[in-house]
**Student:** 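The structure follows.
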Amino acid sequence: MGRTKGSRNADFELSRAKLLDLLGQRLVDPDGVGASLRELAEAAGVSTATVRHYFKDREALIEAYLEHCNLQGARYLLLVTSEPLQASAAASLRWTLEMIHLGLERGPLGKIHALGLRAGLESPKLGPAYLRTLLEPTLGCVEVRIERHQARGELVGRDPRLLALQIVSPLLLAMLHQRSLFGCDLRPLDVRALIDALIDSVASA
């Protein structure tokens, strides 16, 4: 039986996801956000027409890639929210920041955040897309962990969202400073010492 007019091939989403993996390798380059569709297509080994078929334009492609990364990262965020709590809130939040740091330093997460910020700043479409797919899910999983501690009588009286922002934002900025902005050459930073300082601020409060 033929396809209904306007319907998609059964393998459309699979082909689209595979293409996003290829295009993403170019998008996360320092100049990837400014690459033309032709340059992106060449890097992925496909035609510009193929890219337009799946994503229409560059803005839609970047948004689709951020969504794609959100789906791929969901299992890691679930780990942060569901992992058993450590003996103390300080130890638990230290572990949480170390997990985020690991993703930013050794995985692709740092480059993806940099892409989201480059594309999202001053963009009414891609700014919210970055928040929705990357920053807010990261903050959200930390908030859930904080709320679990509050349920057992710890960190009482602290706003989970504000506390998550308080400890995650400096870590993200530090990683962007050291890697995406090449601050490791200008002024190296011991990120683990930063994590210690952030946790000490929570414990002292």
Side-chain angles (χ1 to χ4, degrees), residues 8 12-44 46 48-81 96-97 99-145 160-181:
R8 294 173 172 174
F12 178 90
E13 293 299 334
L14 179 60
S15 299
R16 185 176 184 270
K18 289 180 177 179
L19 183 55
L20 279 171
D21 284 331
L22 293 172
L23 293 166
Q25 295 175 28
R26 179 68 177 90
L27 277 173
V28 297
D29 285 345
D31 64 339
V33 72
S36 67
L37 277 186
R38 179 183 59 78
E39 292 170 329
L40 292 167
E42 287 178 354
V46 299
T48 304
T50 297
V51 177
R52 288 192 181 279
H53 169 69
Y54 284 99
F55 308 108
K56 186 180 176 182
D57 56 30
R58 192 159 57 91
E59 190 175 58
L61 165 61
I62 294 172
E63 183 174 16
Y65 181 65
L66 294 177
E67 294 282 2
H68 180 64
C69 293
N70 173 266
L71 292 175
Q72 290 186 319
R75 65 182 182 274
Y76 300 106
L77 295 181
L78 179 61
L79 173 65
V80 173
T81 59
T96 302
L97 290 186
M99 288 291 291
I100 296 172
H101 176 218
L102 188 65
L104 291 169
E105 185 177 54
R106 299 186 184 177
L109 189 58
K111 290 184 176 181
I112 297 168
H113 271 283
L115 167 67
L117 285 166
R118 290 189 191 105
L121 289 173
E122 305 299 332
S123 170
K125 182 176 182 180
L126 294 180
Y130 165 68
L131 295 178
R132 184 180 68 251
T133 59
L134 288 175
L135 186 56
E136 286 297 340
T138 301
L139 292 170
C141 75
V142 179
E143 289 172 47
V144 169
R145 201 160 182 86
R161 178 166 176 77
L162 295 182
L163 184 52
L165 280 165
Q166 178 185 334
I167 62 176
V168 173
S169 299
L171 176 60
L172 178 57
L173 180 59
M175 294 304 297
L176 290 169
H177 177 285
Q178 292 291 283
R179 297 173 67 84
S180 300
L181 296 170

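The residues of the chain are indexed from 1 along the displayed sequence.
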**Student:** What heavy-atom pair brings G116 and L66 nearest, and what distance separates the two atoms?
**Tutor:** CA-CD2, 4.3 Å
**Student:** Go through it in stages, so that I can follow the logic: the residues are L109 and M175, the test is side-chain contact (heavy atoms from CB on, under 4.5 Å), and I'd like the CA-CA distance, side-chain angles, deciding distance and then a yes or no.
**Tutor:** CA-CA 10 Å; L109 189 58; M175 294 304 297; over 6 Å; no
**Student:** So does K18 have more than 12 non-hydrogen atoms from other groups sitting under 6.0 Å from NZ?
**Tutor:** no
**Student:** Salt-bridged, D29 to R26, with N to O below 4.0 Å?
**Tutor:** yes
**Student:** Salt bridge or not for E67 and R132, using N-O below 4.0 Å?
**Tutor:** yes
**Student:** Nearest 0.5 Å, please: how far is OG in S123 from CD in E59?
**Tutor:** 5.0 Å
**Student:** Grab the two heavy atoms, one from G32 and one from L40, that are nearest each other, plus how far apart they are.
**Tutor:** O-CD2, 4.4 Å
**Student:** Enter the distance from T133:OG1 to I112:CD1 here, rounded to the nearest 0.5 Å.
**Tutor:** 9.5 Å
**Student:** Quick check: closest heavy atoms across A41 and L23, and the distance to 0.1 Å?
**Tutor:** N-CD2, 4.3 Å
**Student:** Taking the side chain as everything from C-beta on, heavy atoms only, tell me whether V142 gets closer than 4.5 Å to I100.
**Tutor:** yes
**Student:** Could you tell me the separation between the CD atom of Q178 and the CG atom of L104, rounded to the nearest 0.5 Å?
**Tutor:** 12.5 Å
**Student:** Please report the C-alpha distance between T96 and I167 in whole Å, then the side-chain angles of each, then the deciding distance to 0.1 Å, and finally whether the side-chain contact (heavy atoms from CB on, under 4.5 Å) criterion is met.
**Tutor:** CA-CA 10 Å; T96 302; I167 62 176; over 6 Å; no
**Student:** With side chains defined as the heavy atoms from C-beta onward, is the minimum distance between L19 and F55 less than 4.5 Å?
**Tutor:** yes
**Student:** If you measure from OH on Y130 to CG on N70, what distance do you get to the nearest 0.5 Å?
**Tutor:** 12.5 Å
**Student:** So, for H101 and L171, which heavy atoms are closest and what is the spacing to 0.1 Å?
**Tutor:** N-CD2, 4.1 Å
**Student:** Are the side chain of R179 and the backbone of E105 linked by a donor-acceptor contact shorter than 3.5 Å?
**Tutor:** yes
**Student:** Which heavy atom of E63 sits nearest to which heavy atom of A129, and what is that distance?
**Tutor:** CG-CB, 4.0 Å
**Student:** Are the side chain of R58 and the backbone of V33 linked by a donor-acceptor contact shorter than 3.5 Å?
**Tutor:** yes
**Student:** What is the distance from atom OH of Y65 to atom CD of Q72, rounded to the nearest 0.5 Å?
**Tutor:** 7.0 Å
**Student:** Can you tell me if Y54 has over 12 outside heavy atoms packed within less than 6.0 Å of its OH?
**Tutor:** yes
**Student:** Which distance, rounded to the nearest 0.5 Å, do you find between the CG of L27 and the NZ of K111?
**Tutor:** 12.5 Å
**Student:** Could you check whether any side-chain heavy atom of V46 comes within less than 4.5 Å of a side-chain heavy atom of L22, counting everything from C-beta outward?
**Tutor:** no
**Student:** Of all the heavy-atom pairs spanning A64 and R16, show the shortest one and how long it is.
**Tutor:** CB-NH2, 3.3 Å
